[in-house]
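Working notes, beginning with the structure itself.
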Amino acid sequence: MPYSPPDSLTNRAEGVLLATLLCAYGLVLLVRLLGRSRPEFRPANPLAAAFALRVAAIGAVAASGLGATLRGGDELGFVANARLIASLPFSSGLWVPGGTYNLHEVVFALQLKLGDLGESALRVTQVGISVCGLLLLAAAVHDLAGPRPGRLVLWLLALEPASIFFSQILHKEPLMVLASGLVALGGARAWRKVDAQALAILAAGSAVAILTRPYAGWFLASAAVAIVLHATVRDATRSLSAFAVLVGVLIGIAAAVPVIVQVTSKESLQANLQPSQTANTTTATAPTSGPNANNLALESVDYSTRSAIITNLPIRISDLVLRPYPWQLANTSEQLGVLGTLVAFATLVALLRYGMLARRSLVRLVGPLLYPLGFLLIAYALSVGNAGTGFRYRSHLVTLGLAVAVVLREYCLAAAPQVLRTRSADAVRGNGVVAVGPRPARARGWPRRLA
């Protein structure tokens, strides 16, 4: 059934105010918790801007009258499911996420059960969840590169247009941002030392993702395993506990091999993945012009065998990263996303530029961010069939991509004086004098362990 907010405008305003206060209080607590071990991490200003812009976007979209067109029809189904769950006692099995319903629907149902404050209040809660994920991601960047990059990436994420919009939709995206932030933070800690706290944070992020969007969640969990495996392989010769974790991870991977082989068999792919891909791209046969045009449909690809996936996955990755092209945006709702598209293109350019400069140290510097980015890129490329849906998926990838770019940029700034000095010392001018450049300088805030 369609969502019906409280009748009174005053009640709706009170609901938004209450949800805003609760979310702000939760963010303050999280900042204090993160600040206990990070005294130089001061995210208050960009965090406040991120939260305020997203709450303001709720009202802006509502005032534009384009809410239903911009947000799509999935919201109605999710909220209808949440209202069904909320009508049942907590003893009902429907309250368990990952069964009949996913975590985001249970989160909506819990709010409706405790007090139906209106649609806008639900959106404010979504904003709070998403901003928590951005804060955790900024803390991970702080741990990897220092306080200045941590604040910079939070400012960039606060102002990123697609993130501002998708943070307030009644969908899966906010919880997926939270999940990736948890995995990034746990991975950054494991990069220094694999301990119980790092493993717990990684497990929490993986669980949130699996219970929200299972196929992407398992890929994110695989990224968490890859982070732990890489960190323990590096430290196993120096730490007995790291060696024990390495053995446990290898046993877990060995146990998962039969499942992976079965899932990727030809019969399984033809029965599951290929029908899903075909269903997602059935509108590709629609005309590209006229009243029934679907300019965002992607061409169907063959995912029926392992070799076909290897062949066609790069095509779909390109579609996910680059489409829709700016000239394909045919109506108002699509054209409003052009800023997000331009930011995605700029992020890709920055990743290529700084990635090439830091290629010899790439994984060492940004492994905890690179693994989630890479695994989620594959997960979304396997499932996407429409450039409109891909735009929503891409906003999640851009969030991680900006974090990677900021860390690499800081490294390049720190390493540039050394590079210039090496090159100038090797250059002998015509007068026989060797030009020696300035003394290498470490960029402010860059950890000495990575400089």
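These numbers were taken from a predicted model, which means no experiment stands behind them.
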Minimum-distance pair of heavy atoms, taken over all atoms of Leu370 and Val404
N-CG2, 4.4 Å

Would you check, one step at a time, whether the test side chain to side chain contact (heavy atoms under 4.5 Å, CB included) holds for Thr212 with Asn102?
CA-CA 5 Å; Thr212 302; Asn102 290 327; 5.6 Å; no

How many angstroms lie between CG in Leu135 and CG in Leu185, if you round to the nearest 0.5 Å?
9.0 Å

Taking all atoms of both residues into account, what is the closest heavy-atom pair of Arg394 and Leu322, and its distance?
NH1-C, 3.8 Å

Using side-chain heavy atoms (C-beta onward) and a distance below 4.5 Å, is Val208 in contact with Leu220?
no

Tyr380 vs Phe219, ring pair (Phe, Tyr, Trp, His ring centres under 6.0 Å): CA-CA, chis, key distance, verdict
CA-CA 10 Å; Tyr380 288 141; Phe219 273 86; 9.2 Å; no

Are the side chains of Leu134 and Leu47 in touch, meaning some heavy atoms are under 4.5 Å apart?
no

Any salt bridge linking Arg189 with Asp143? Criterion: basic side-chain nitrogen under 4.0 Å from a carboxylate oxygen.
no

Output yes when a side-chain donor or acceptor of Gln168 lies under 3.5 Å from a complementary backbone atom of Ile58, and no otherwise.
no

With no hydrogens and no angle check, is any side-chain donor or acceptor of Thr232 less than 3.5 Å from a backbone partner on Leu229?
yes

Do Phe41 and Val31 have side-chain heavy atoms sitting under 4.5 Å apart?
no

Is there a donor in the side chain of Glu173 and an acceptor in the side chain of Ser395, or the other way round, less than 3.5 Å apart?
no

Which is it for Val343 and Leu159 under the side chain to side chain contact (heavy atoms under 4.5 Å, CB included) test, yes or no, and what are the steps along the way?
CA-CA 10 Å; Val343 170; Leu159 301 175; over 6 Å; no

Centroid-centroid distance, Tyr354 to Tyr411, less than 6.0 Å:
no

What's the shortest heavy-atom distance between Leu373 and Leu397, and which atoms?
CD1-O, 3.6 Å

May I ask you to decide if Val406's main-chain N or O and Glu410's side chain share a donor-acceptor pair within less than 3.5 Å?
no

Do Ile378 and Leu313 touch side chain to side chain, with heavy atoms closer than 4.5 Å?
yes

For Tyr371 and Phe375, take the angle between the two ring planes, folded into 0 to 90°, and tell me which bin it lands in: parallel under 30, tilted 30 to 60, perpendicular over 60.
tilted

I want to check something: taking the side chain as every heavy atom from C-beta on, are Leu342 and Pro161 in contact at a cut-off of under 4.5 Å?
no

Gln126 versus Ile169: any side-chain heavy-atom pair under 4.5 Å?
no

Distance col, row Thr399:OG1 vs Glu160:CD, nearest 0.5 angstrom, shows 6.0 Å

For Ile85, does its backbone N or O pair with a side-chain atom of Lys113 as donor and acceptor, under 3.5 Å?
no

Distance-only, no hydrogens or angles: does the Thr125 side chain make a donor-acceptor pair with backbone N or O of Ala121 under 3.5 Å?
yes

Going from CG on Leu17 to CG on Leu22, what distance comes out if it is rounded to the nearest 0.5 angstrom?
9.5 Å

Here the pair of heavy atoms bringing Ala381 nearest to Tyr303 is O-OH, 3.2 Å

Is Leu400 close to Leu376 at the side-chain level, that is, under 4.5 Å between some pair of heavy atoms?
yes

Under 3.5 Å, is there a donor-acceptor pair between the side chain of Arg83 and the main chain of Val79?
no

Given the rule in the side chain to side chain contact (heavy atoms under 4.5 Å, CB included) test, do Ser180 and Leu137 qualify, once you have shown the distances and angles that lead to the verdict?
CA-CA 8 Å; Ser180 61; Leu137 184 58; 5.8 Å; no

Within a strict 4.5 Å, meaning less than it, do heavy atoms of the Cys23 and Val127 side chains meet?
no

Do the side chain of Trp95 and the main chain of Ala109 share a donor and acceptor less than 3.5 angstrom apart?
no

For the student: nearest non-hydrogen atoms of Ser130 and Ser167, plus distance
OG-OG, 2.9 Å

Would you please classify the geometry between the His230 ring and the Trp191 ring as parallel, tilted or perpendicular, with 30° and 60° separating the classes?
tilted

Closest non-hydrogen contact found for Leu94 with Val106 is O-CG2, 4.2 Å

Distance col, row Arg392:CZ vs His171:NE2, nearest 0.5 angstrom, shows 3.5 Å

Mind checking the SG-CG spacing from Cys132 to Leu30? Nearest 0.5 Å is all I need.
5.0 Å

Given 3.5 Å as the limit, does a donor-acceptor pair link the side chain of Ser318 with the main chain of Pro314, or not?
no

Please check: side-chain N/O of Arg353 versus main-chain N/O of Val349, any donor-acceptor pairing under 3.5 Å?
no

Could you go through Phe166 and His396, starting from their C-alpha distance and side-chain angles, then the distance that decides it, and tell me whether this counts as side chain to side chain contact (heavy atoms under 4.5 Å, CB included)?
CA-CA 9 Å; Phe166 289 118; His396 188 193; over 6 Å; no

In Å, rounded to the nearest 0.5 Å, how long is the span from CZ of Arg192 to CG of Leu144?
8.0 Å

